[in-house]
Amino acid sequence: MVRVRFAPSPTGYLHIGAARSALFNWLFARKMGGKFLLRIEDTDLQRSTEESTRSIIEGLEWLGLDYDEDLVFQSDNAEKHRAAARQLVEEGKAYRDFTPKEAREDRSVKQEIAERARAQAAEGIDQRSNPFRDLPQAESDARAGAGEPFAIRLKVSREGQSRFADIVYGEQERGYSEIEDLVLLRSDGHPLYNLSVVLDDIEMGITHVIRGQDHLTNTHKQILLYQAFGAKVPEFAHLPLILAPNKAKLSKRKHGEVVSLTTYRDRGFVPAAFRNFLALLGWSPPDGQEIMTREEMIERFSLEGIGRANSVFNFHENDPRHWTDDKALWMNAEYIRTMPLEELLPMVKTELRSAKLWREEYDDDESAWFEKTVELIRQRFFTLKDFSSQGRAYFSDDFDFDEAAVSKNLKKEPRLREWLPALAVRLGQVATFSAANVETALRQFADELGVKAGLFINAARTMLTGQAVGPSMFEVFEIMGRERSANRLRSGVPWFDAMEELGDV
RNA sequence: GGCGCAUUGGUGUAGUUGGUUAACACGCUGCCCUCUCAAGGCAGAGAUCACGGGUUCGAGUCCCGUAUGCGCUGCCA
């Protein structure tokens, strides 16, 4: 039975790279009829927060990735991890390192590592030689007993090769001489990442480790630990990274909220659409069908379909129309206009609620009207937010007029200010206020005045919706209804606003 | 510095065991449709498959080298 896990560390929000790892694990589990487990790696107590854990769980829920069995907190197992490290010392597979701990500045670690390596190479120092590695057990015990602080390091063979076959990246090889005696337990007794993951993965019975490629080279170290504990080594599948537009690693600090999963929820993404988009970053279905339901995705998914090259997640934070990846936006629009209406309705409801545009009548008396309206306007929306912004005029009389629309559709023909109320009267006489009847009446009215129908159509669009663009105008009339249509045609609000502005000058 | 991984149009990807004009999606351009904007339909621009060598009758596909990018190299995860 396949058992996989998603193991995020709760330091901040869930970013899209992690979300994709979760998705691939989930897809694989569902495909194989296995289990998808969730483990919170909160061993770094200083940086871990409960809020972050909550946001991760919420994010997974939003994406529709349900996990099996109980949530595991890595910190709960710390004592077991310590015991396991001590056991290794007893067995001679690890040793106590009494070297005093070096102070380290968190900011420049990477640089520091490189510099140290360079300096050591220059001086001909072998960084793998440790004076305590071969300290006699009795002496080691004595010093520990005397209360001298120590870290525990794994004793890595000097010679030989570590190898494993990664499902995505293929055969991996690394000489033991390249692997340092890694620290398992800090001198303050705190178990370290490599130790904890391996132990937890063993305990949880993980069969396939699917995670970011940034762990690829560390996998050799972990395999050493599996072997030290006499456990079966799982299969590994590393995922290519998701990069920022400048091809730099996606980072919470540098790229901010645009890489946070919650941003996509908050800015009006349909979960299924974002999940679909995410799945296509680094994986492609064998038949090339890109729009997939959850079931179709599970059916097509395979670890073999994952590519090896890092992908770029394109976004332009300063461009409101392309604030995130174009394809993600397109996919969201595609979902909004084609998904079953009954699935979209609750999402629109949530959006209108938060914009204070929701009325309970939409759930009973006016449910037919509501559905028809959503159906009409969903056709050209990109996010759920559009229902409360661009779609505001359908749900409230309090809406703004787009300046460009006003000058283009209204002010260009000053006589419209008198004609529009007249049109309101004419439309008021229509028997049934249907799209067809309104169209006939409007066209006839235009003919009588000797102007193009388009003049009234476009002017009405702006008067009724505040905008220059929108659905077929006669459909809009029907949706708005006789009374509202007439009121808005008569209101003269845009003209009034314009005069007021002039008065201010 | 060392080690590892990657490199197909702007972006995401396809390219089975090497074999004619490198495929799809998004984006872009034009046309059609039309009351606007989308959607849709049609047409199109855009890739000497990072570069340089080789192997071969023939390479995006195999080999070597170079460059670039990314990752790891920590008593972080």
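The structure displayed is predicted, hence computed values, not measured ones. Each chain gets a letter, A, B and so on, in the order the sequences are listed, and its residues count up from 1.
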Any A/S284 side-chain nitrogen or oxygen under 4.0 Å from OP1 or OP2 of B/A14: yes
Interatomic distance at P, B/G27 relative to B/G12, whole Å: 15 Å
Atom pair distance, as rounded to whole Å: CD1 in A/I377 and C1' in B/C37: 14 Å
Minimum-distance nucleotide (side-chain atoms of A/R153 versus B/C75, B/A77, B/C5): B/C75
Touch class at under 4.0 angstrom, heavy-atom based, for A/N218 against every strand present: base
B/C63 versus B/C76 - spacing of their C1' atoms, nearest Å: 40 Å
Integer-rounded Å distance: B/A39 P and A/R337 CZ: 6 Å
Rounded P spacing from B/A47 to B/G1 in Å: 35 Å
Sugar-phosphate, base or nothing in reach of A/T11, heavy atoms under 4.0 Å: nothing
Nucleotide of B/A77, B/C3, B/G71 approaching A/E41 most closely (side-chain heavy atoms): B/A77
Sugar-phosphate, base or nothing in reach of A/R211, heavy atoms under 4.0 Å: nothing
From CD1 (A/I336) to OG1 (A/T383), nearest 0.5 Å: 6.0 Å
Which residues share a side-chain contact (heavy atoms from CB on, under 4.5 Å) with A/K101, sequence neighbours left out: A/S187
Nearest-neighbour nucleotide for the A/L281 side chain, B/G12, B/C5, B/C75 considered: B/G12
Salt bridge (charged side-chain N to carboxylate O under 4.0 Å, His left out) partners of residues 5-19 of chain A, not counting sequence neighbours, each pair once: A/R5-A/D201
Same-atom distance (P) from B/A59 to B/G19, integer angstrom: 11 Å
Between B/G30 and B/C49 - P atom distance, rounded Å: 30 Å
Under 4.0 angstrom between A/R174 side-chain N/O and B/C72 OP1 or OP2: no
Partners meeting ring-ring contact (aromatic ring centres under 6.0 Å, His included) with A/F381 (sequence neighbours left out): A/F387
Sugar-phosphate only, base, or nothing, as touched by A/H238 at under 4.0 Å among non-hydrogen atoms: nothing
Sugar-phosphate only, base, or nothing, as touched by A/P100 at under 4.0 Å among non-hydrogen atoms: base
Proximal nucleotide (of B/U7, B/G4, B/A77) relative to the A/H190 side chain: B/A77
Sequence-distant partners of A/R82, side chain to side chain donor-acceptor pair (under 3.5 Å), two or more places apart: A/E79
Sugar-phosphate, base or nothing in reach of A/K249, heavy atoms under 4.0 Å: sugar-phosphate
Length of the line joining A/H215:NE2 and B/C72:C1', which is rounded to integer Å: 11 Å
Can you give me the N/O atom pairs linking the protein to nucleotides 23-29 of chain B at distances under 3.5 Å, or say none if there are none?
{"residue": "B/A25", "atom": "O4'", "partner": "A/E290", "partner atom": "OE1", "Å": "3.4"}
{"residue": "B/A25", "atom": "O2'", "partner": "A/E290", "partner atom": "OE1", "Å": "2.7"}
{"residue": "B/A25", "atom": "O2'", "partner": "A/K327", "partner atom": "NZ", "Å": "3.4"}
{"residue": "B/A25", "atom": "N3", "partner": "A/K327", "partner atom": "NZ", "Å": "3.2"}
{"residue": "B/C26", "atom": "O2'", "partner": "A/K327", "partner atom": "N", "Å": "3.4"}

Minimum-distance nucleotide (side-chain atoms of A/R47 versus B/C76, B/U7, B/U36): B/C76
Separation of atom CD1 in A/I457 from atom C1' in B/C37, rounded to whole Å: 14 Å
Over-ring placement of A/R96 relative to A/F150, 6.0 Å and 45° cut-offs: yes
Salt bridge present between A/K327 and A/E290 (N-O < 4.0 angstrom): yes
Minimum-distance nucleotide to A/Y193 side chain [options: B/G71, B/A77, B/U11]: B/A77
Rounded C1' spacing from B/C57 to B/G9 in Å: 30 Å
Donor-acceptor pair, side chain of A/D181 and main chain of A/V156, under 3.5 angstrom: yes
Counterpart residues, side chain to side chain donor-acceptor pair (under 3.5 Å), relative to A/R174 (two or more places apart): none
Whole-angstrom distance between B/C62 and B/U16, as gauged at atom C1': 16 Å
With A/A94 via side-chain contact (heavy atoms from CB on, under 4.5 Å) - residues at least two apart: A/L88, A/V89, A/I152, A/L184
Interatomic distance, A/F6 CZ vs B/A77 P [rounded to whole Å]: 17 Å
A/R443 NZ/CZ over A/F474 ring centroid, <6.0 Å and within 45° of normal: no
Nucleic acid contacts - residues 466-480 of chain A versus RNA chain B, non-hydrogen atoms under 4.0 Å: A/A468, A/V469, A/G470, A/P471, A/S472, A/M473, A/F474
Whole-Å gap separating C1' (B/U34) and CD (A/Q379): 16 Å
Aromatic centroids of A/F24 and A/F301 separated by under 6.0 Å: yes
B/A6 phosphate, OP1 or OP2, under 4.0 Å from A/R308 side-chain N/O: yes
Watson-Crick or G-U pairs under 3.5 Å in RNA chain B, rendered as dot-bracket with [ ] for crossing pairs and | for another strand: (((((((..((((.....[...)))).(((((.......))))).....(((((..]....))))))))))))....
Counterpart residues, side-chain contact (heavy atoms from CB on, under 4.5 Å), relative to A/S284 (two or more places apart): none
B/G60 to B/U20 separation - C1' atoms, rounded to the nearest Å: 15 Å
Polar pair under 3.5 Å, donor/acceptor by atom type, side chain A/S187, base B/C75: yes
Nearest-nucleotide 5' precedence on RNA chain B, A/K247 against A/Y169: A/Y169
Sugar-phosphate only, base, or nothing, as touched by A/G170 at under 4.0 Å among non-hydrogen atoms: nothing
For atom CG of A/N310 and atom C1' of B/U8, their distance in whole Å: 15 Å
Sugar-phosphate only, base, or nothing, as touched by A/R461 at under 4.0 Å among non-hydrogen atoms: base
Earlier contact from the 5' end, RNA chain B, for A/L243 and A/S311: A/S311
Length of the CD-C1' vector between A/Q222 and B/C72, whole Å: 12 Å
Check: B/C37 base within 3.5 Å donor-acceptor of A/R380 side chain: yes
Results of salt bridge (charged side-chain N to carboxylate O under 4.0 Å, His left out) for A/K221 - residues two or more places apart only: none
Residues which pass side chain to side chain donor-acceptor pair (under 3.5 Å) with A/E173, listed by chain and number, not counting sequence neighbours: A/R163
